[in-house]
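Just so you know, ligand 1 is whichever comes first in the structure, and atom 1 is the first atom listed for that ligand.
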Amino acid sequence: MSEETLSNLLKEDRRFEPPAALAEHANVTAEAYDHAAKDREGFWAEQAQRLTWDTPFEQVLDWSNPPFAKWFVGGRINAAYNCVDRHVEEGRGDKVAIHFVGEPLEPETSGTRSITYAELKDLVSQAANALTDLGVGTGDRVAIYMPMIPEAVVAMLACARIGAPHTVVFGGFSSDALASRLEDCQAKVVVTADGGYRRGAPSALKPAVDEARTKTDVVEKVLVVRRTGQDLGADGWDDAVDVWWHDAVDAASTEHTPEAFDAEHPLYVMYTSGTTGKPKGILHTTGGYLTGAAYTHWAVFDLKADTDVYWCTADIGWVTGHSYIVYGPLANGVTQVLYEGTPDSPERGRWWKIIEEYGVTIFYTAPTAIRSFMKQGREIPDARDLSSLRVLGSVGEPINPEAYVWYREVIGGGNAPVVDTWWQTETGAIMISPLPGVTSGKPGSAMNPIPGVSADVVDENGQSVPDGSGGYLVVTDPWPSMLRTIWGDDERFKETYWSRFAKEGFYFAGDGAKKDEDGDLWVLGRVDDVMNVSGHRLSTTEIESALVSHPKVAEAAVVGAKDADTGQAVCAFVILRDDAGDGGDDIVAELRKHVRKEIGPIATPRQVMVVPELPKTRSGKIMRRLLRDVAENREVGDVTTLADSSVMDLISSGMSTGKDD
Ligand code: PRX
């Protein structure tokens, strides 16, 4: 982010006080910060009591071998029991856990229904029995590649119930991306569906699993939910491998005794982009993660589990769906909405219709969505009664002040505080956020670390920067929901997160941030080669490798350029192989399609520029900063460290040939 944007941001002086009525009954008051700071471990031990432990823990934190943490040592617990069974045992079996809203409006296809906690317990037990019958044992990995349907949640909880770590792969990822994740975590079983409804039509999933299976042979069984009933094709079913969910799960017993696992038993692996081409499998374990998810969901959203109706619009394929659809909300026993489709299907304003119909009180979404609604105009949400909303959340990327204020005024009617929550796949749970009953919000600022979390902004040398300055965002003490390692790669875990400020023992988040004059935090975005497109993390290197895997491409460089809708957009510069000539008329479309196929639609470049050269330092490192200048149409910056500074002229002249589609 440029200095100019920075100073504009910091000139933002609007303040929004917590509504008095909310503050009066808020779950968390200002004392919580001091209380937690005095005895951080004691504070987290208290929060762990939100859960039901089979065996109590003996030690809160074992940090004797950093950065490998153990939380709640000696404790034994079952995550699914905590998310489902205990609510039934405590007399809340008839309470709705999930109001599922299918995308189609037609009753024959929508599948819209409400599932109580008692029903959820039966479904999860049946799925747990079915997975066991398919040969899944404790510690085996199960991949989940599903649309946003209740069975996805059921599958995750069934895995947790039997101690089989799940890895949910976003349904928008390609078969290649799926295959590499299956291979990396050696998933024995895949749970999928024939397809899901998106933008008014069935969108197939099963064929991608079939294709992935041609690239890896780790998968033994595929459990398939029939959602759309679409034709699977002549070769679309393999009796030796494929099993229908309605055969295996519906027939299974609803009796299943959850086994308690060690607090550090792996709960799931979530792949996320890093600075290299290979996605990292972020490992989360059970007791600490669930404590973090449950506490933050209760504290940051001021959750009143008896009366609130909660809705998080994330996909379960991302960490937000894990922590704030499945584990946090269900551990807290809420009633929530789960919506299958897109916001504009069958017409714009579908989200607002859902909020009105279900009386949603807490709503959690992403800035990119808010910006797209702003563009459509306020008459669309204004046509609905959104007065039930009392807390609004934002996640995934910095929220620009205009979007924040629009969200607050138009969606929240000026009464609902906006909590801008900063966290990451790695942190497992919200780390920096206003508290709705305590903090006076500033549009664009994530404000302060929540009670129990300590974070800071430091300079190159790990020294805390003074108020009014910027630097690197670090977490200075371990926290319960922290990642435990990168699956199968302890070295990369140490190197990526803990080496930059090793002396200080800080976790380096990869983000830049600024402290304002009041010491409040403004997260500015990544300082590494990771892009954030519509709140989704993409690695420049991953897209570059996809591009060079195309036979016509010799070299590629990818940068994230500022984009009014998606925050950042993928811009690719490619050099073609000599024998490819000028690549042909469709080269740009061809390369965009190729990336889409290799990774998935979210990685599709906004622009592909065919260039004769790339700017490099003498040591051969591509100078992405200069490419970003070009992609953002800025005056090209300092080129003195370039091996050949005429390259930038070449690139600029190449661009004028209009290779961008
Ligand atoms: O750059 C930050 C940005 O998203 C990154 C984490 O991405 P991911 O692991 O995919 O998790 C997204 C959902 C938690 C961060 O390193 N980010 C996330 N939330 C915010 C944010 N940037 C600014 N403000 C936020 N509230």
(message) Tell me the protein heavy atom at minimum distance from atom 9 (O) of ligand 1, and give that distance in Å.
(response) Thr425 OG1, 2.6 Å

(request) Give the residue and atom name of whichever protein heavy atom lies nearest to atom 10 (O) of ligand 1, and the separation in Å to one decimal. (result) Arg537 CD, 3.3 Å

(message) Using a 4.0 Å heavy-atom cut-off, which part of Ile399 comes near ligand 1: side chain, backbone, both, or neither?
(response) neither

(message) If we check salt bridge (charged side-chain N to carboxylate O under 4.0 Å, His left out) with Arg537, which of these qualifies: Glu426, Glu397, Glu542?
(response) Glu426

(request) Inspect the contact between Lys494 and Glu491 and indicate whether a charged nitrogen and a carboxylate oxygen are less than 4.0 angstrom apart. (result) yes

(message) Return the closest protein heavy atom for atom 23 (C) of ligand 1 as residue, atom name and distance.
(response) Pro398 N, 3.1 Å

(request) Counting heavy atoms only, name the option from Gly396, Ala509, Ala446 that's nearest to atom 18 (C) of ligand 1. (result) Gly396

(request) Just let me know how Asp511 lines up against ligand 1, side chain, backbone, both or neither, with a heavy-atom cut-off below 4.0 Å. (result) side chain

(request) Would you kindly say whether Asp516 and Trp522 are connected by a side-chain donor-acceptor distance under 3.5 Å? (result) yes

(request) Report, in ascending order of atom number, the atoms of ligand 1 lying under 4.0 Å from any heavy atom of Val395. (result) 13 (C), 14 (C)

(message) Here's a test for you: under ring pair (Phe, Tyr, Trp, His ring centres under 6.0 Å), which of Trp352, Trp406, Tyr407 qualifies with Phe373?
(response) Trp352

(request) Would you kindly specify which portion of Gln424 sits under 4.0 Å from ligand 1, judged on non-hydrogen atoms: side chain, backbone, both or neither? (result) both

(message) Do Thr421 and Thr296 make a side-chain contact, defined as non-hydrogen atoms from C-beta onward lying under 4.5 Å apart?
(response) no

(request) Could you pull out all residues at least two apart from Asp477 that satisfy side-chain hydrogen bond (donor to acceptor under 3.5 Å, both in side chains)? (result) Ser454

